Structures are given as structure tokens and as C-alpha cells.
Trainee: 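Quick one: this structure, given as C-alpha cells, is what I'll be asking you about.
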Amino acid sequence: MTTSTRAPLPTPEQDVQRDLVAPILDWYDEHARDLPWRRPEATPWSVLVSELMLQQTPVSRVLAVHEAWLQRWPTPAALAAEPSGEAVRAWGRLGYPRRALRLHAAAVAITTEHGGEVPADHAALLALPGVGEYTAAAVAAFAFGQRQVVLDTNVRRVLARTVTGTELPPRSLTRAERDLGAALLPADPPTAATWSVAVMELGALVCVAERPRCEQCPVRDACAWQLAGAPSYDGPPRRVQTYAGTDRQCRGRLLAVLRETEGSVDKARLDVVWDDDVQRERALASLLADGLAVLTDEGRYALP
DNA sequence: CAGCCGTGGGG
DNA sequence: TCCCCAAGGCT
């Protein structure tokens with residue numbers, strides 16, 4: 001065949017498409033987990049619920065709670081019709097229970113302001129309680145197939161390694177990372193959405209934070225971090241989050257009592273789960289302030 | 001923007 | 001045991 005023009009030299013974008021994007025899309029096609037919120041029949045509400053639950057919480061612990069949640073509240077309106085305390089109770093031990101409150105508040109907002117339908121618009125999603133930049137982009141992409149830059153901890157780590165050549169991304173999201181994410185995003189919206197979930201999956205299953213399974217990685221040969229000899233992270237030390245003895249642990253103990261109790265409890269029931277009086281009172285006050293607990297007219301405590 | 005907000009599994 | 005950290009958001 002004859003061509004009237006010589007094929008142009010590959011641009012950097014085309015190199016990236018060939019070396020990074022295509023292999024990761026192929027890898028995802030073969031290795032993607034079958035997760036409920038990824039199935040074709042998954043509703044935007046199911047996706048939104050999953051995203052809130054997955055914030056800082058592993059998939060393995062989300063699965064059962066997500067299923068029970070969707071069974072009980074298949075629509076935002078169904079959840080909005082119940083007291084927020086029921087959301088907190090059904091949240092179980094997923095952690096960060098304020099997320100349950102935010103999800104309930106989001107359900108109320110969706111019901112009252114969006115006719116009961118999860119909005120598809122990024123700005124409208126962002127306005128929902130508990131929905132930040134990441135979650136808004138994720139829902140727009142995964143529930144509605146939009147072309148969005150989705151930058152979660154997995155994506156940031158994969159891009160840091162494969163493109164930037166560092167073991168870990170910066171502590172906070174940088175302009176450079178946003179630009180990089182935008183530059184890599186395929187032009188076609190459905191492909192872009194798949195790309196976003198594919199990079200996340202690679203980060204979750206292969207390009208993990210500790211002991212990455214590089215031997216399984218589809219882009220190992222193109223990985224800047226590998227090509228640089230896999231230098232270890234040299235930034236400022238990452239803050240280790242202490243937990244034992246903290247207010248967080250104390251709040252968790254107190255809320256567990258309320259969660260396991262139908263109705264209200266006497267304060268003595270709370271006093272026995274934490275020895276330090278000062279810390280316990282402070283934690284209880286913070287739960288009340290957060291709206292995770294209420295004080296009844298009888299001086300007892302309960303979920304809202 | 002640094003600090004805070006839960007919980008449990010794996011190495 | 002202890003340490004790391006897992007699809008962030010909010011103030």
C-alpha cells in the first residue's frame with residue numbers, strides 16, 4: 001500500500017500510550033476483581049456508597065457491609081427516610097463513622113435537591129457531604145462513564161513509580177500530579193474511565209505500598225522507578241498514626257456500646273469501657289458535637 | 001494545611 | 001508485639 005505521507009515520529013504522548021496505558025488496560029481486562037460496585041447493573045447509588053465506604057478502608061472489609069447496606073437502602077430516598085443513627089449502626093466496624101453520617105446527609109441532599117437521583121455532575125457531587133475531589137471524580141467516572149482525572153492513593157503511587165521514578169508520591173496532592181494525571185488520561189470517555197479504575201486496581205493488587213509485586217507488573221520494563229534501581233523513599237518521614245490510648249480509640253469504644261444497643265444506655269454503661277475519666281468525657285462530648293451520639297431527656301445516651 | 005477522625009489484617 | 005497502612009474528607 002502507498003502512503004502519501006511518512007508516519008510521523010512518535011510523540012511522547014504516543015510513547016506513554018504504548019508503554020503505559022495500553023499494557024495497564026490489557027492487564028486490567030484480565031485481572032480486574034469482580035466487585036459488586038463494578039458490575040454493569042450497579043447503580044450510581046451503589047457506586048457512591050462504595051466510594052464512601054472505601055475511603056481509608058480495605059475492600060475486604062467493605063464487601064459485606066456494602067451488600068447489606070444496598071439491600072436495606074437500595075435508593076438514597078430509602079436511607080434518607082431513616083434516622084441518621086441507623087446509618088451509624090449499619091456502618092458497623094468499618095471505622096471513621098462520621099462517614100456514615102455524611103452518607104446519610106448525602107442521601108438527604110440527593111433526595112431533596114436532586115429528585116432522588118445521584119447527580120452526574122462533578123460540581124454537584126462535590127457539594128455532597130463526604131464527597132471530596134477524589135470521590136466526585138470517581139463517581140463521575142465509574143458510575144457515569146465520564147472522563148475524569150481520578151487521583152487516589154493507588155493512582156498516585158503508580159504514577160510516582162512508573163513516571164516520576166519515586167517510590168512514593170508527595171505527602172499532599174501536587175499540581176504536577178494533577179497535570180500528569182490529565183496528560184495520561186485517554187481522550188475517549190469510556191476508555192478514560194476504564195483507565196482510571198485500571199490504574200487503581202494495579203496499585204491495589206500489584207504496585208502496592210509495601211513489597212510491590214513487580215514481577216507481576218505489566219509495565220515493569222517501562223517503570224521509571226525500576227529503571228532507576230528502585231531507590232527507596234527519601235522524603236520526610238511519614239507520620240505514624242498512633243491509636244492505642246488516643247481519643248479515637250476511646251470514641252470507638254463508646255460508639256460501639258451505642259451501636260450494639262437498641263434505644264438508649266445509662267451513662268454507667270459508657271463509663272466502664274474507658275478508665276481515664278477526663279479523656280472519656282472529652283471523647284463523649286466530641287461524639288455529641290459530631291452528631292454521632294445524642295443525650296436524651298432522661299440523661300441517657302443513644303445514636304441519633 | 002497539619003492534624004484529626006476507626007478498625008483490623010498482614011508481615 | 002509492633003508497625004504499616006487501606007478507593008479521603010474536613011477544619
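Predicted, not measured: the structure shown is a model, and the values here were computed from it.
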Trainee: Which is true for A/L101 with a 4.0 Å heavy-atom rule: it touches a base, it touches only sugar-phosphate, or it touches nothing?
Mentor: nothing
Trainee: Looking at B/dC4, I'd like to know if its phosphate oxygens (OP1 or OP2) sit under 4.0 Å from a side-chain N or O belonging to A/R248.
Mentor: no
Trainee: OP1, OP2 of B/dC1 versus side-chain N and O of A/S172: anything below 4.0 Å?
Mentor: no
Trainee: What's the closest nucleotide to the A/R61 side chain, out of B/dG6, C/dA7, C/dG9?
Mentor: B/dG6
Trainee: Measuring only the P atom in each nucleotide, how far is C/dA7 from B/dG3? A whole number of Å is fine.
Mentor: 23 Å
Trainee: A/G203 or A/L128: which one's nearest nucleotide on DNA chain C is closer to the 5' end?
Mentor: A/G203
Trainee: Between B/dG10 and B/dG6, how far is it from one P atom to the other, in whole Å?
Mentor: 23 Å
Trainee: Would you kindly give the CZ-to-C1' distance between A/R171 and C/dC5, to the nearest whole Å?
Mentor: 13 Å
Trainee: Of the nucleotides C/dA6, B/dT7, B/dC5, which one has an atom closest to the side chain of A/P58?
Mentor: C/dA6
Trainee: Quick check: on DNA chain B, is the nucleotide nearest A/S60 upstream (toward 5') of the one nearest A/T246, or the reverse? Name the residue that is more 5'.
Mentor: A/T246
Trainee: A/Y96 OH to B/dC5 C1': how many Å, rounded?
Mentor: 5 Å
Trainee: Measuring from the side chain of A/D247 (C-beta onward, heavy atoms only), which nucleotide among B/dC5, C/dA7, B/dG11 has the closest atom?
Mentor: B/dC5
Trainee: Under 3.5 Å, is there a donor on one side chain and an acceptor on the other for A/Q55 and A/T135?
Mentor: yes
Trainee: Taking atom C1' of C/dG9 as reference, at what distance in whole Å does atom CE of A/M53 sit?
Mentor: 16 Å
Trainee: Rounded off to whole Å, could you give me the CD-to-C1' distance for the A/Q56 and C/dG9 pair?
Mentor: 9 Å
Trainee: A/E210 has an atom CD; how far is it from atom C1' of B/dG10, in whole Å?
Mentor: 9 Å
Trainee: Side-chain contact test, heavy atoms from C-beta onward, threshold under 4.5 Å: evaluate it for A/R156 versus A/E177 and give yes or no.
Mentor: yes
Trainee: Give the rounded distance in Å between these two atoms: CG of A/L292 and C1' of B/dG6.
Mentor: 11 Å
Trainee: Which is true for A/W91 with a 4.0 Å heavy-atom rule: it touches a base, it touches only sugar-phosphate, or it touches nothing?
Mentor: nothing
Trainee: Give a yes or no on whether A/V163 and A/V149 share a hydrophobic cluster (residues Ile, Leu, Val, Met, Phe, Trp, Tyr; joining criterion: side-chain heavy atoms under 4.5 Å apart).
Mentor: yes
Trainee: Taking B/dC1 as the reference, what is the distance to B/dC5 when you measure between their C1' atoms (whole Å, please)?
Mentor: 16 Å
Trainee: Closer than 4.0 Å, any side-chain N/O of A/R99 to the OP1 or OP2 of C/dG8?
Mentor: no
Trainee: Counting the atoms with a prime plus P, OP1 and OP2 as sugar-phosphate, which does A/G132 contact under 4.0 Å by heavy atoms, base, sugar-phosphate, or nothing?
Mentor: sugar-phosphate
Trainee: Could you grab the distance from atom OG of A/S46 to atom CH2 of A/W69, nearest 0.5 Å is fine?
Mentor: 12.5 Å
Trainee: Applying a 4.0 Å non-hydrogen cut-off, can you work out what A/S286 is touching in the nucleic acid: base, sugar-phosphate, or nothing?
Mentor: nothing
Trainee: Please check this pair: side chain of A/T296 against backbone of A/R300, looking for a donor-acceptor N/O pair closer than 3.5 Å.
Mentor: yes
Trainee: Answer whether the closest heavy-atom distance between the side chains of A/E86 and A/H104 falls below 4.5 Å.
Mentor: no
Trainee: Within the 4.0 Å heavy-atom criterion, would you say A/L52 contacts the bases, only the backbone, or no part of the nucleic acid?
Mentor: nothing
Trainee: Please report, rounded to the nearest Å, how far the P atom of B/dT7 is from the CG atom of A/L54.
Mentor: 17 Å
Trainee: Checking all strands, does A/A209 fall into the base, sugar-phosphate, or nothing category for heavy-atom contacts under 4.0 angstrom?
Mentor: sugar-phosphate
Trainee: Rounded to whole angstroms, how far apart are CG on A/D152 and C1' on C/dG9?
Mentor: 14 Å
Trainee: May I ask you to evaluate whether A/R157 reaches the phosphate of C/dA6, defined as a side-chain N or O under 4.0 Å from OP1 or OP2?
Mentor: yes
Trainee: On DNA chain C, nearest-nucleotide positions of A/R33 versus A/R102: which is more 5'?
Mentor: A/R33
Trainee: Please determine whether a side-chain nitrogen or oxygen atom of A/Q55 lies at a distance below 4.0 Å from atom OP1 or OP2 of C/dA7.
Mentor: no
Trainee: Going by heavy atoms in the side chains, are A/W73 and A/E82 under 4.5 Å from each other?
Mentor: yes
